[in-house]
Amino acid sequence: MLELANLTPPVTTDDAPQGWATKDTKVTFMANDADSGVAATYFTVDGGAQQTGNSVTLTSEGTHTLVYWSVDRAGNAEQPHTVAVVIDKTVASVNPEVPNGSNGWYNVPVTVTLLDYGNVQYRVDGGSSWSAYDAPVTLSQNGENQMLYRPVNVTGSVYPKSVEVKIDLTAPQLEIIGEASYTIDQTVNITCRAADTVSGVTYSPCGAPLANMKAYTLEPGAHSVTAEAEDAAGHRGLAEHSYSVHATFDSLSALTETFAAETGAPASESAANALKQKLANAKAKAEQRQGAEVRILLQAYIEEVNSQSSKVFTSEQAEVLVRWSQWLHDATPLAGGAPGKPVLSDNNGHDTGLNGGSYTVTMNLWWGNNGTEFKLYENDVLINTKTLMDSSPNTQTVKTDIAGKANGTYTYRCELTNSFGTIACDPLIITVTDAAPGKPVLSHDNWDGDGSYGVTMNLWWGTNGSEYRLYENGVVVDTQTLSAATPAAQKEVTNFSDKAPGVYEYFAELVNASGETSGEKITVTVKPEH
């Protein structure tokens, strides 16, 4: 029987990894021939010498080219196959190791370190060229950062490894929207807007008004609202908005009309018109700077509102109108011109006989047009500001307590201001000579020379200390907090026991906010026992 010739070559496949390999890689060749069987498998590595075998282990980094084929027992050889194996053992580490923000975000720059200096190249965020890696790379752009890296000898279509981190370095932007000032007939409506273009806002209170109330329900003066927003990275943005609430003649008139209309009581319109006329007259007098007459008209308004409580107005409405008209009454200046000239005085040395570092500076306006603001300067630095009530032509007095001044000369001047102008006082010069504590005196009771004794500190008279320190051979061995009652005496005792024979030197310090004072040294001799 005639045998048919075997003309079919073997078929060989491989298990080479797809993409990157990060360690030594073994590639196995699997040959099959259904006719005569496989005689041998051959391969070359990177164009080198032909080798025989069913596997090869690659250990060096880079792109390796394997060419392999098999021959069957009939002598048929298959066409060679080519496969590329890319090995990169480079390990990337990041610092911080894990996201330090929320939701996988970093809120600080991230440093990427590769462990194969000189043999790796990288590029960041889609850059057009590759750079040789010679130092750690810092990623610091807001948003999603990507660093690609590969061995230097890798080219072509092999896809590089990557490090991807999300970075958000900025807090949400928060804007509060509202007026700087409201009159009592207005509604305080304050809202906000929050935005974050990097990781996005995850929380903000801006879905509802931050404040939404009738201005007359608030206290007069300054108010503030705050809002805080958070982004996905955990950053918090904070914003604050300050505003004031005050009454004017017109706003009080409008509120009077509104309240009367709300009740709809009989004769409410005529009662409201009469009250509004009083306010119109008061406004005209205020424009003429006739403060005393303004206050008389406002007092008449208050009395009329009280008489209409539970009639034209509810008791709650009447309380609001009286409260704000009283505020307007008190805020109306009585002065008809710039303030009178203020006079400064002090009590330094008057109370204790010592020109110490603690004293009171007093401003007096004995008579005349009052000021509504007082300012005190020390060596041309503003140290006190106070809002004053105008009760012209009565006396105005402001006291400022000064403490902890060192020895030296201090010049004080003041300003008194109202809507007509500012008047300065004559300078007041204070010389401080006794600011630091008086000199402490030490004594001891170790007359028998044994190792147990007391060391006593006395300040007989003078500026007191707030702290006492006792030194033994130059080292602090006792510290006590003292109650100051200048110029009264101060006393402190430190007891010692079981001291070894020898000579001990002591001195004391008294300390207060203005300085420290040391006393004379004493010695205590402890004799050996016989």
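Since the structure is predicted, the reported quantities are computational estimates derived from the model, not experimental observations.
The residue from Leu382, Leu376, Thr385, Thr422 that alone fulfils the side chain to side chain contact (heavy atoms under 4.5 Å, CB included) condition with Glu415 is Thr422.
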Taking distance alone, no hydrogens or angles, what donor-acceptor pairs closer than 3.5 Å link side-chain atoms of residues 42-52 to residues at least two apart or in another chain?
| unit_1 | atom_1 | unit_2 | atom_2 | d |
| --- | --- | --- | --- | --- |
| Asp46 | OD1 | Thr65 | N | 2.7 |
| Asp46 | OD2 | His64 | ND1 | 2.9 |

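Side-chain contact of Asn407 with Ser514: a donor-acceptor pair under 3.5 Å is absent, judged by distance alone.
Among residues at least two apart or in separate chains, side chain to side chain donor-acceptor pair (under 3.5 Å) pairs with a member in residues 100-112 are Asn100-Asn107. Pairs of residues two or more places apart, or lying in two chains, that qualify as side chain to side chain donor-acceptor pair (under 3.5 Å) and include a residue from residues 197-207 are Asp168-Ser199.
Side-chain N or O atoms of Tyr133 include one that pairs as donor or acceptor with a backbone N or O of Leu114 at under 3.5 Å. At distances below 3.5 Å, at least one donor-acceptor pair connects side-chain atoms of Asn379 with backbone N or O atoms of Thr411. Between the side chain of Gln490 and the backbone N or O of Thr463, no donor-acceptor pair lies under 3.5 Å.
A 6.0 Å sphere centred on CD of Glu144 holds no more than 12 heavy atoms belonging to other residues, nucleotides or ligands.
Between Phe259 and Tyr216, the gap from one ring centroid to the other is short of 6.0 Å.
Using a 4.0 Å cut-off between charged nitrogen and carboxylate oxygen, Asp380 and Arg413 count as a salt-bridge pair.
Ring geometry, Tyr471 versus Phe507: the interplanar angle falls under 30°, so the pair is classed parallel (tilted spans 30 to 60°).
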